[in-house]
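Notes follow the structure.
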Amino acid sequence: MTAARLTLPSPAKLNLMLHILGRRPDGYHELQTIFQFLDYGDELTFAVRDDGVIRLHTEFEGVPHDSNLIVKAAQKLQAQSGCALGIDIWIEKILPMGGGIGGGSSNAATTLLGLNHLWQLDWDIDRLAALGLSLGADVPVFVRGHAAFAEGVGEKLTPVEPEEPWYVVLVPQVSVSTAEIFSDPLLTRNSPPIKVRPVPKGNSRNDCLPVVARRYPDVRNALNLLGKFTEAKLTGTGSCVFGGFPSKAEADKVSALLTETLTGFVAKGSNVSMLHRKLQDLL
Ligand SMILES: C[C@](O)(CO)[C@H](O)COP(=O)(O)OP(=O)(O)OC[C@H]1O[C@@H](n2ccc(N)nc2=O)[C@H](O)[C@@H]1O
Ligand SMILES: Nc1ncnc2c1ncn2[C@@H]1O[C@H](COP(=O)(O)OP(=O)(O)OP(=O)(O)O)[C@@H](O)[C@H]1O
């Protein structure tokens with residue numbers, strides 16, 4: 001018998017703003033950020049195995065099999081649920097690594113939700129999000145699947161409904177290490193907490209931007225070029241830079257001009273992740 005296969009999307013995210021409020025004793029930073037998803041991402045295909053083996057068949061340059069967040073997510077879920085089944089996994093990877101658009105975290109979340117379904121574990125979202133947090137600060141928002149205002153290290157999530165523009169996303173060909181940016185002595189770590197909800201306009205800055213732009217000329221260049229057309233912002237710790245447009249036609253026009261020299265893409269912002277829309281259709 002051929003095992004049932006399931007293909008699920010693994011979308012990117014943007015940080016529409018990111019303020020750093022302080023540093024915790026464990027070295028992690030307290031943040032306030034707004035996450036929104038893009039209708040753009042990787043695709044994971046799963047097939048259940050009955051021998052308990054977890055195997056990712058797609059090779060990633062520079063990421064050993066057992067360090068891949070997809071494999072780590074599957075192993076943790078299997079260990080904590082006591083499930084005797086295994087899984088074969090393939091991925092079509094289009095999201096850049098170290099781009100600040102959350103590829104690895106999103107892959108981990110898609111794996112958790114996909115296996116919860118295929119292994120028939122029936123875990124609730126809170127439990128999956130808590131497991132996700134142990135894999136990375138950005139995993140819980142992908143597990144929950146709704147645009148959110150995030151606090152703490154990114155795990156305290158309040159759903160929000162920002163506008164859903166079309167974005168031009170530029171992908172400078174450098175991988176930024178999140179740990180490196182968060183350990184830079186020049187990083188601003190004392191933004192006052194925003195206490196008003198929804199977050200008032202005028203708070204769209206990303207506190208990581210000055211440090212990233214200083215270290216990476218390619219990111220600086222992308223910000224300058226896109227900034228000629230719209231407010232150009234950095235997502236997460238970069239390297240990706242984005243700007244919103246009211247229509248696909250306008251985003252396509254700017255993208256066509258900029259992607260003559262830079263890599264990039266156009267995608268719609270979405271407050272409900274395309275992973276959750278697909279899972280909804282399945283159920
Ligand atoms: C910058 C963001 O992308 C915003 O969405 C995230 O907060 C980063 O999330 P992530 O990539 O899942 O990060 P993790 O894999 O948990 O952490 C990578 C490294 O970044 C630093 N880090 C991360 C998140 C955070 N709130 N404070 C930190 O200081 C830590 O040194 C950590 O070792
Ligand atoms: N499935 C995966 N996809 C991408 N990167 C992975 C994966 N598993 C492990 N990694 C490792 O995680 C690192 C960060 O990758 P990721 O694509 O999540 O970066 P990012 O977009 O900057 O993330 P974030 O916005 O969460 O900081 C990679 O450089 C790679 O070494």
Side-chain angles (χ1 to χ4, degrees), residues 10-38 40-44 56-76 89-112 114 129 132-143 147-157 169 171-172 174-185 187 189 191 206-209 211-212 216 219 233-242:
S10 186
K13 59 84 177 165
L14 295 176
N15 296 95
L16 302 186
M17 50 77 75
L18 194 160
H19 294 185
I20 305 176
L21 313 187
R23 191 167 15 186
R24 304 193 316 196
D26 65 2
Y28 265 74
H29 289 75
E30 292 276 349
L31 311 173
Q32 284 187 326
T33 185
I34 295 176
F35 289 107
Q36 188 179 50
F37 305 103
L38 292 178
Y40 183 88
D42 302 333
E43 226 174 44
L44 277 76
L56 174 65
H57 293 268
T58 314
E59 283 196 18
F60 277 55
E61 215 186 295
V63 186
H65 183 270
D66 286 350
S67 306
N68 198 299
L69 283 167
I70 296 170
V71 176
K72 285 187 169 179
Q75 286 173 342
K76 274 205 165 175
I89 309 174
W90 297 263
I91 176 167
E92 264 191 50
K93 188 90 193 156
I94 61 166
L95 298 178
M97 296 205 273
I101 54 178
S105 313
S106 178
N107 292 168
T110 295
T111 303
L112 294 176
L133 181 61
S134 71
L135 295 162
D138 281 349
V139 181
V141 73
F142 286 109
V143 168
F149 178 68
E151 299 176 275
V153 297
E155 83 292 3
K156 287 181 211 150
L157 298 166
V169 182
V171 187
V174 287
S175 176
V176 177
S177 152
T178 301
E180 178 194 297
I181 299 306
F182 275 116
S183 59
D184 192 307
L187 189 68
R189 299 181 166 85
S191 283
N206 179 335
D207 283 338
C208 299
L209 188 146
V211 167
V212 177
Y216 295 92
V219 176
K233 302 203 270 184
L234 182 79
T235 175
T237 51
S239 60
C240 291
V241 163
F242 67 97

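All heavy atoms count here, side chains included; hydrogens, waters and symmetry mates do not. Numbering of ligands and ligand atoms starts at 1, following listing order.
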Looking only at non-hydrogen atoms, which of Asn68, Leu69, Asp42 approaches atom 1 (N) of ligand 2 most closely? Asn68
Counting only non-hydrogen atoms of the protein, does one fall under 4.0 Å from atom 12 (O) of ligand 2? no
Would you mind telling me if ligand 1 is within reach of the side chain of Val153, the backbone, both or neither, using heavy atoms under 4.0 Å? both
Fit a plane to each ring of His57 and Trp90, take the angle between them on a 0 to 90° scale, and name the class: parallel (under 30°), tilted (30 to 60°) or perpendicular (over 60°). parallel
Taking the non-hydrogen atoms of Gly100, is any one of them nearer than 4.0 angstrom to ligand 1? no
Between Thr237 and ligand 2, does any nitrogen or oxygen pair lie at a separation below 3.5 Å? no
Numbering the atoms of ligand 2 from 1, which are under 4.0 Å from a heavy atom of Gly98? 15 (O), 16 (P), 17 (O), 19 (O), 20 (P), 22 (O)
Are any of the N or O atoms of Ser67 closer than 3.5 Å to those of ligand 2? no
A student checking ligand 2 against Lys13 at a 4.0 Å heavy-atom cut-off should list atoms 25 (O)
Side chains of Asp42 and Asn107, donor plus acceptor under 3.5 Å: yes
Do any nitrogen or oxygen atoms of Gly104 come within less than 3.5 Å of a nitrogen or oxygen of ligand 2? yes
Examine the side chains of Ser67 and Lys72 and answer whether a donor and an acceptor come within less than 3.5 Å of each other. no
Polar contacts were defined as any N/O atom of the residue lying under 3.5 Å from an N/O atom of the ligand; does this apply to Val63 and ligand 2? no
Give a yes/no on ligand 1: does Glu30 have at least one heavy atom closer than 4.0 angstrom to it? no
So is Gly102 polar-close to ligand 2, meaning N/O to N/O under 3.5 Å? yes
What I want to check is whether the side chains of Arg189 and His29 have a donor and an acceptor closer together than 3.5 Å. yes
Does Gly236 have a heavy atom less than 4.0 Å from any atom of ligand 2? no
closest protein heavy atom to atom 29 (O) of ligand 1 is His29 ND1, 2.8 Å
Measure the distances from the heavy atoms of Thr33 to every atom of ligand 1 and state whether one is below 4.0 angstrom. no
With a 4.0 Å heavy-atom cut-off (strictly under), which part of Phe182 contacts ligand 1: side chain, backbone, both or neither? side chain
At a non-hydrogen distance cut-off of under 4.0 Å, which region of Ala137 contacts ligand 1 (side chain, backbone, both, or neither)? both
Counting each atom of ligand 2 from 1 as listed, which ones have a heavy atom of Asn107 under 4.0 Å away? 1 (N), 2 (C), 3 (N)
As an exercise, identify every atom of ligand 2 less than 4.0 angstrom from a heavy atom of Ile70. 1 (N)
Are any of the N or O atoms of Thr237 closer than 3.5 Å to those of ligand 1? no
Has Gly154 got any heavy atom lying under 4.0 angstrom from an atom of ligand 1? no
Residue Phe60 vicinity, atoms of ligand 2 by number, heavy atom under 4.0 Å: 1 (N), 2 (C), 3 (N)
I'd like the name of whichever of Thr110, Val141, Thr111, Asp138 reaches closest to atom 26 (O) of ligand 2 through any heavy atom. Asp138
When distances are taken from atom 8 (C) of ligand 1, the protein heavy atom at minimum range is Asp138 OD2, 3.8 Å
